[in-house]
Amino acid sequence: MLDLKYIKNNLDLVKKGMAKRRANIDFISLLDSDLKRKKLLLEIETLRHKRNIVSDDIAKMKKSGQDASAVIDRMKEVSASIKHLDKELSATQQAINEFLISIPNLPHEDVPEGVDDTENRLEKTYGTLPVFNFKPKAHWDIGEDLKILDLARAAKITGARFPLYRDSGARLERALINFMLDTHTTRHGYSEILPPFIVNSAALQGTGQLPKFKEDLFKLEGWDYYLIPTSEVPMTNIYANEIIDASELPCKFTAYTPCFRSEAGSHGRDTRGLIRQHQFNKVEMVKLTTPETSFSELDEMLADAEKILQLLKLPYQVVTLCTGDLGFSATKTYDIEVWMPGQGQNGKYREISSCSNCLEFQARRAGIRFRRQGAKKPEYVHTLNGSGLAVGRTFAAILENYQQQNGTVLIPDVLIPYMSGKKVICHES
RNA sequence: GGAGAGGUGACCGAGAUGGCUGAAGGUGCACGCCUGGAAAGCGUGUGUAUCCUAACCGGGUACCGAGGGUUCGAAUCCCUCCCUCUCCGCCA
C-alpha cells in the first residue's frame with residue numbers, strides 16, 4: 001500500500017501513475033476522509049487529555065476523603081462523547097484503510113506504458129532456437145505418448161487442470177525442483193525455506209492478493225485459511241510485523257512449494273497441457289532489501305532465474321512488463337519467456353518466470369521494517385519476488401525443446417545426475 | 001479431543017485488593033567519564049504509532065497476545081478469540 005502522506009504530498013504524481021495503469025481512482029473521498037479523521041482525532045485526544053487529568057483529581061479527592069460524585073457525573077458525559085466520537089473515528093479510519101489497501105503500487109518510471117502484454121518491452125533474447133526436421137509436438141502429446149503425464153486420469157481424480165506425473169515424468173519434475181533449489185542455495189546464496197502451503201488472510205493481505213483478488217484463491221471452507229497461490233506469500237511474510245536488524249539485509253529466501261490458483265476468468269485459455277493448472281510446482285525466490293539496493297537486487301534475481309534456463313540450455317527472452325500487464329503489488333516486473341516449439345503453429349515464447357520489485361508496498365502492508373545501525377526510526381524494507389522457475393512449465397519446455405523424432409526426450413546434461421544417470425526418456429513399459 | 005499453565009519493552013522479570021506504571025529491577029545495547037589500552041567501575045540514554053509544531057526539540061494521545069465490555073479511570077475485573085507450554089488420549 002502507498003503511504004497516505006506520500007499520496008497527499010504528491011497527488012499529481014500518484015494520479016499520473018494510476019492513470020498509466022488504467023486504474024481509475026477517486027482521491028477526493030480519500031482526502032475528505034483524512035481531513036475528517038484529523039478533526040476527530042484532535043477532538044478525541046483533547047477530551048481524553050481532560051479525562052486523564054480529571055481522573056487523577058478524582059483519585060486524589062477520594063484519597064483525601066472528599067466527595068467526587070459531582071465530578072464523576074461530569075466525566076460520565078465526557079466519556080460518553082469520547083465513545084461516540086471514537087466510533088465515528090474508527091469508521092473513518094476503516095474507510096481510509098480500505099481505500100489504501102485496494103489501490104495498486106505505482107509503476108516505476110522505467111516501465112513502458114501500455115494496455116496489455118503486446119506492449120511489453122523486449123529486453124533480450126538468449127540461446128538458439130532448436131531446429132527440427134520433423135513437426136515438433138506439444139508437450140501434452142509427448143507426455144501422454146511417453147506415459148509420463150496422465151492428465152486424463154488426473155481429471156478423473158480431481159477435475160480439469162490438475163497434473164498427474166508418472167514414472168520418469170514424476171522423477172523429472174522432482175529432479176527439476178532439486179536442481180533449482182540446489183542452484184539457488186549453493187550457487188546464488190539463498191537460504192532454503194519450506195513454508196506452510198496454507199496461509200491466513202493477514203498474510204495474503206500483506207503481499208497484496210487480498211482483499212482484491214479473492215476469486216483467484218482457493219479458500220478452505222470454514223477456515224480463515226487459503227491454499228497458497230505462490231510461496232511468495234509465506235516467504236515474504238516471514239518477518240511480518242517485525243523490525244529486523246540492517247545487518248540481516250538482504251534476506252534471500254528460496255522455496256519449493258506447490259501453488260494453487262483458481263484461474264477464475266481464464267476459462268478456455270491454455271486448456272491443454274501443463275501451462276495453466278490449478279495446482280503446479282514452483283521454486284520461488286524472495287528478497288528483503290534496503291531501499292537503495294532493491295533495483296540492483298532485482299537485476300540479480302533476474303540473472304539467478306535466467307541461470308536456470310541457461311544451465312538447462314533452454315532458449316528464452318526477457319521482457320519488461322508494461323503498465324497494463326503489471327501486477328498489483330509490483331512497481332517493475334521482468335518476465336522470462338521460454339521458447340516452446342510445440343506451441344501454436346511454429347512455436348511460442350511462454351512465461352516461465354516473473355521477477356518483481358514491490359518497493360515498500362508489501363512491507364508497509366505486512367509491517368516489515370528494519371533499523372539502520374544507530375538510526376532511531378525504523379524504515380520499511382523493499383520486497384522482491386521471482387520465480388526460479390515455474391517447474392511445470394519448465395518440464396513442458398524440456399519436453400518440447402528436447403524431443404526427438406522417435407518420440408523420446410533427451411534429458412538436459414545438468415539434470416542427468418538428478419535422474420540417476422538416465423539420459424533419455426523412452427516409452428515407459 | 002480431555003486436563004492444566006501462561007502470553008508485559010531487544011531479552012529476563014516485577015506488577016494480589018483497578019488510580020501518580022509506558023510500565024520497577026536486572027541484562028543487553030549506545031554515548032560519555034575513567035585507563036597507556038582493555039576489563040571492572042561511574043554517569044547518561046535506550047519501544048512503536050499517531051496528532052499539534054518549521055522541527056528526528058517540546059507537548060498530547062494510544063498501545064502490556066487480539067477484539068469487545070464494565071468503570072470517572074484497566075496491564076490489572078468480565079467476555080470472546082488467537083498463540084505458546086505441560087500431561088493424557090489419538091494420529092502421520
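Chain identifiers are assigned alphabetically (A, B, ...) following the order of the sequence lines, protein sequences preceding nucleic acid strands; residue numbering begins at 1 within each chain.
- A salt bridge does not link Arg365(A) to Glu360(A): none of the charged nitrogens lies less than 4.0 Å from a carboxylate oxygen.
- With a cut-off of 3.5 Å on both Watson-Crick or G-U wobble distances, the partner of rC87(B) is given as rG2(B).
- Partner assigned to rA92(B) is none, using Watson-Crick or G-U wobble distances below 3.5 angstrom.
- Counting only residues at least two apart or on different chains, no ring pair (Phe, Tyr, Trp, His ring centres under 6.0 Å) pair has a member in residues 241-271 of chain A.
- Under the Watson-Crick or G-U wobble criterion, with both distances below 3.5 Å, rC56(B) is left unpaired in every strand shown.
- In the 5' to 3' direction, nucleotides of RNA chain B lying under 4.0 Å from heavy atoms of chain A begin and end at rG19(B) to rG73(B).
- Using N1 to N3 plus N6-O4 or O6-N4 for Watson-Crick, or N1-O2 and O6-N3 for G-U wobble, each under 3.5 Å, rA30(B) pairs with rU44(B).
- Of the residues near RNA chain B, Lys377(A) and Ile72(A), the one whose nearest nucleotide (by heavy atom distance) lies more toward the 5' end is Lys377(A).
- Asp32(A) is linked by a salt bridge (charged side-chain N to carboxylate O under 4.0 Å, His left out) to nothing, counting only residues two or more places apart in sequence or in another chain.
- Among pairs with a residue in residues 77-105 of chain A, those fulfilling ring pair (Phe, Tyr, Trp, His ring centres under 6.0 Å) read Phe27(A)-Phe99(A), at least two apart in sequence or across chains.
- Taking the nucleotide of RNA chain B with the nearest heavy atom to each of Tyr225(A) and Met75(A), the more 5' of the two is matched to Met75(A).
- In this entry rA66(B) has rU80(B) as its Watson-Crick or G-U wobble partner, both defining distances falling under 3.5 Å.
- Partners of His184(A) by ring pair (Phe, Tyr, Trp, His ring centres under 6.0 Å), not counting sequence neighbours, listed by chain and number: His188(A), Tyr190(A).
- For Gln94(A), the side-chain contact (heavy atoms from CB on, under 4.5 Å) partners two or more places apart in sequence, or in a different chain, are Glu98(A).
- Residues from residues 76-89 of chain A lying near RNA chain B, meaning a heavy-atom separation below 4.0 Å, are Lys76(A), Ser79(A), Lys83(A) in numerical order.
- Applying the side-chain contact (heavy atoms from CB on, under 4.5 Å) rule to Pro378(A) yields the partners Ile243(A), Arg369(A), Arg371(A); only residues at least two apart in sequence or on another chain are considered.
- Applying the Watson-Crick and G-U wobble criteria (two distances, each under 3.5 Å), rA23(B) pairs with nothing in any strand.
- Residues in residues 378-399 of chain A take part in these salt bridge (Lys or Arg N to Asp or Glu O under 4.0 Å) pairs, two or more places apart or across chains: Arg372(A)-Glu379(A).
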